[in-house]
Each structure stands twice: as structure tokens, then as C-alpha cells.
There are 2 protein chains.
Amino acid sequence: MKDVWNAMADPTRRAILTMLQNGDMTAGEISDKFDVSGATISHHLKILREAGLITSEKEKQTITYRLNITVFQDFLKGIAEAFGMKGENHEK
Amino acid sequence: MKDVWNAMADPTRRAILTMLQNGDMTAGEISDKFDVSGATISHHLKILREAGLITSEKEKQTITYRLNITVFQDFLKGIAEAFGMKGENHEK
DNA sequence: CAAGTATTTAGATATTCATCAAAATACTAA
DNA sequence: TTAGTATTTTGATGAATATCTAAATACTTG
């Protein structure tokens, strides 16, 4: 899950994940939403893909990206397990 | 919450947070658990403190650190709101 | 005061990382 | 084939970061 933490640490990548919740997008569509170069977005997409947070599917000329809900929810669950209320350490 | 994400991005800092769930610890006690220098741990503690994830209390010769449950739970809730429930939340 | 302990701060270094422009790859269309 | 579009890869650069040692701060005690 180290890769996921690393992937989530960047605000641009979190914004990409948020956008993908509303539906799949091509690399170009994602890139259009940001002020950084397409190369930079491609780099972010690669990190998200390697973390398993998104998947990509090559179509004719475009590559469509899709949120991988499962990995993301595992991440949330992992946080909850590691840090979620473990009980009894708030008395003093 | 940007600071919180940044603070959580480092594995040493996440380990510190996990340890503090079992009770307050002094800087020295925390430092003893890791193979890095006390100065480095102090640096990590500063970042966690600035993110609001921990608080510090000066005692006689030591400084005791304590997990700030509230900020951490707000962070979890923020993630859940931004990413957790896709499709079944109706906002106003 | 001087010495010892606990912790932080300062200064330096090495690595990681976000970014860009340019080149490369892959595909489509004329 | 040539040109054009979509995307990634490469190579470079500057900024951020984790780390160290050494010095500084703060506190306690003899």
C-alpha cells in the first residue's frame, strides 16, 4: 500500500481520481483540465496506474482511464484498520 | 488538509502515528523505536505537529507527544466524502 | 556555576519528484 | 506515403525532502 500512499500524496493526482469518479476519461480529456503539460499528466497517470488506483484501456487513437474502485476502497479499509478507532487511548 | 496528506505520505510518520495510538510517548521514546537520528525524528514530529495530527506537551525535561484523534478522524472523513461513496450520496 | 540529559535547530548533502520541451510511438486519414 | 492527432518516453532542471552531524536551547541537579 506504500505505492498508494505515494500516489495519493500529490494534489493533482487526487484531483484526477476525483474527476474519474464521474466517469471514464481519455488522457487528453484529463490533461485539458489542468494547466500542466500532457507529459506531466501522463506521468501522473502512470503513477496512479502503477499504484493500481486506475486502469487504462486503449481504444482507437485514445487511451481511456478508469477509476479502480476496489483498490481505492482497500486503501480506505487499510487506513481504518491501521488508524481507525482502536478503542481506549483517549482518557488522559 | 493538504498538510495532513503530506504528513501522512511518509512511512516513518505513519509509524509514529500508529505507535501513538497505544499511548503518549516522549520524543526520546519515539526516537528509540527507529534507526534514524533524533534530529530526524524531531523533524518528523514537527511536520506531524504542523499538520495538527499530534500535539506536544512540555514536561520536566521531556516533551510528550499525543495523537490528535480529532484531526485524524476529520482526515478520514474527508477522504470518505471525496472518494468513498460514489453514486449513492445525494448532496443538496 | 558546571555538568548531564532531552530535544530542537542549523547547515549540508543526496535523493526523490513535479515539471517541461522535444523526441518517439502508435494510430488514422488523405 | 505523408500529414495529423493522441499519448508516452526521454533527458534535463529546479524544488522539495529525508537524513546526517554538530551546535544550540532548555531544564535539572550536584
Side-chain angles (χ1 to χ4, degrees), chain A residues 1-20 22-68 71 75 82 92, chain B residues 1-20 22-68 75 82:
Chain A
M1 206 162 74
K2 162 193 167 293
D3 286 341
V4 177
W5 272 112
N6 186 59
M8 298 283 293
D10 182 83
T12 298
R13 292 196 286 268
R14 291 197 298 274
I16 291 172
L17 293 178
T18 298
M19 287 168 53
L20 287 177
N22 298 323
D24 304 348
M25 297 174 77
T26 68
E29 287 169 343
I30 295 170
S31 186
D32 287 345
K33 303 284 186 181
F34 296 92
D35 273 343
V36 297
S37 71
T40 295
I41 293 297
S42 182
H43 165 251
H44 285 310
L45 291 172
K46 182 182 185 184
I47 290 174
L48 289 170
R49 189 163 10 91
E50 287 174 349
L53 285 163
I54 60 176
T55 59
S56 62
E57 189 181 351
K58 195 168 198 174
E59 287 170 3
K60 315 173 198 178
Q61 268 153 296
T62 64
I63 300 182
T64 294
Y65 283 91
R66 174 174 310 156
L67 193 62
N68 187 345
V71 168
F75 172 67
K92 167 170 183 281
Chain B
M1 206 161 75
K2 161 194 168 292
D3 286 341
V4 178
W5 272 111
N6 186 59
M8 298 283 294
D10 181 83
T12 298
R13 292 195 287 267
R14 291 197 298 274
I16 291 172
L17 293 177
T18 298
M19 288 167 53
L20 287 177
N22 297 324
D24 305 347
M25 297 173 76
T26 67
E29 286 169 343
I30 295 170
S31 186
D32 287 345
K33 302 284 187 180
F34 296 91
D35 273 344
V36 297
S37 71
T40 295
I41 292 298
S42 182
H43 165 251
H44 285 309
L45 290 172
K46 182 182 184 184
I47 289 173
L48 289 170
R49 189 163 9 91
E50 286 174 351
L53 285 163
I54 61 177
T55 58
S56 61
E57 189 182 350
K58 195 169 199 173
E59 288 168 2
K60 316 173 198 176
Q61 265 153 298
T62 64
I63 300 181
T64 294
Y65 284 92
R66 173 175 310 158
L67 193 62
N68 187 343
F75 171 68

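Letters go in sequence order (proteins before strands), and every chain restarts at 1. Only heavy atoms go into these numbers, but all of them, side chains included; no hydrogens, no water, no symmetry mates.
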Can you give me every donor-acceptor pair (side chain of residues 38-53 of chain B, partner residue at least two apart or in another chain, under 3.5 Å) with its distance?
| residue | atom | partner | partner atom | Å |
| --- | --- | --- | --- | --- |
| B/Thr40 | OG1 | B/Ser37 | OG | 3.1 |
| B/His44 | ND1 | B/Arg13 | NH1 | 3.0 |

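- Within 4.0 Å of B/Ser42, counting heavy atoms only, lies at least one base atom of the nucleic acid.
- One interatomic measurement links the two molecules: CD1 of A/Ile63 to C1' of D/dT9, which rounds to 12 Å at whole-angstrom precision.
- The shortest distance between the side-chain N/O atoms of A/Asn6 and the OP1/OP2 oxygens of C/dT16 is not below 4.0 Å.
- Distance CD (B/Glu50) to C1' (C/dT8): 13 Å, rounded to an integer number of Å.
- Counting to the nearest Å, the C1' atom of C/dT16 and the CD1 atom of A/Ile47 are 11 Å from each other.
- Residue B/Arg14 contributes atom CZ, which lies 11 Å from atom P of D/dA18 at whole-angstrom precision.
- DNA chain C is contacted by no residue of residues 26-33 of chain A, taking any non-hydrogen atom closer than 4.0 Å.
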Mark up nucleotides 20-30 of chain D, 5' to 3', with B wherever a protein heavy atom is under 4.0 angstrom from a base atom, S wherever such an atom reaches only the sugar-phosphate, and - elsewhere. BBB---SSS--
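- Remark: the backbone N or O of A/Ala27 is not paired with any side-chain donor or acceptor of A/Ser31 at under 3.5 angstrom.
- Residue A/His44 places at least one side-chain N or O closer than 4.0 Å to OP1 or OP2 of C/dT19.
- Residue A/Thr64 holds its OG1 atom at 3.5 Å from CD of A/Glu59, rounded to the nearest 0.5 Å.
- The shortest non-hydrogen separation linking A/Glu29 to A/Asp24 is OE1-O, 4.4 Å.
- Distances shorter than 4.0 Å separate some side-chain N or O of A/Tyr65 from OP1 or OP2 on D/dT8.
- Within the model, atoms NZ of A/Lys58 and CD of A/Gln61 stand 11.0 Å from one another, a figure rounded to the nearest 0.5 Å.
- Atoms CZ (B/Phe34) and P (D/dT19) sit 10 Å apart, rounded to a whole Å.
- For the pair B/Ile16 CD1 and C/dT7 C1', the interatomic distance rounds to 14 Å; values are reported in whole Å.
- The distance between atom CE of B/Met25 and atom C1' of C/dA6, rounded to the nearest whole Å, is 15 Å.
- Nearest to the side chain of B/Arg49, among D/dA18, D/dA6, C/dT8, sits C/dT8.
- Ring-plane geometry between A/Phe75 and B/Trp5 is classed as parallel, the angle between the planes falling under 30 degrees on a 0 to 90 degree scale with a further cut at 60.
- With rounding to whole Å, A/Leu45 atom CG is found 13 Å from D/dA6 atom C1'.
- Within the 4.0 angstrom heavy-atom criterion, base atoms lie near A/His43.
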Under the criterion side-chain contact (heavy atoms from CB on, under 4.5 Å), I'd like the reasoning laid out for B/Met8 against B/Leu17: C-alpha separation, chi angles, the key distance, then a yes or no. CA-CA 9 Å; B/Met8 298 283 294; B/Leu17 293 177; 3.3 Å; yes
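- Between A/Tyr65 and A/Thr55, the closest side-chain pair of non-hydrogen atoms is not below 4.5 Å.
- The closest side-chain heavy-atom distance from B/Arg66 to B/Leu20 is not below 4.5 Å.
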